[in-house]
Amino acid sequence: MNGNEVDLADTLGTCETPALEFKRTAKREGRRGDAIGNAVCAMANDLVGKGGGDILIGVADDGTPLDDVDAGDRALLALTDLRDDGRILDRPSFTVQAAV
């Protein structure tokens, strides 16, 4: 880690909370439908009053970082499409960025 990088575990924590969700992959599928879309919708509703939240892709449920996470342009664009595809209304506001 160089001087410009932030350790997300130090900043956000290592356990899931109502404002922090871990996902193994950015694929918009799961046993119960679109797991990432559901997490974005829940955080956009802000039922816990935290002002939104963070979803970390490439992290196991126990907080362990995973290897070989697709952070290519297509994967990042698929995530930004969540905002504009019309399935979550009112349109959520979020940022998608790759981190190490």
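Remark: D73 CG is loosely packed, at most 12 non-hydrogen atoms of other residues, nucleotides or ligands lying under 6.0 Å away. Other residues, nucleotides and ligands place no more than 12 heavy atoms under 6.0 Å from the CG atom of D90.
Remark: side-chain polar atoms of E16 are paired, donor with acceptor, to backbone N or O of F22 under 3.5 angstrom.
The heavy-atom pair separating L20 from M43 by the smallest distance is N-CE, 3.9 Å. The two residues L82 and F94 come nearest to each other via the heavy atoms CB-CZ, 3.9 Å. Nearest heavy-atom pair across R83 and P92 is CG-O, 3.3 Å. When every heavy atom of A19 is checked against every heavy atom of G52, the shortest pair comes out as CB-O, 3.7 Å. Across all non-hydrogen atoms, the minimal contact from A39 to I55 is CB-CD1, 3.7 Å.
Checked against I57 for a side chain to side chain contact (heavy atoms under 4.5 Å, CB included), the options I36, L76, D70 give a single hit: I36.
A distance of 9.5 Å separates CG in L56 from CD in E21, rounded to the nearest 0.5 Å.
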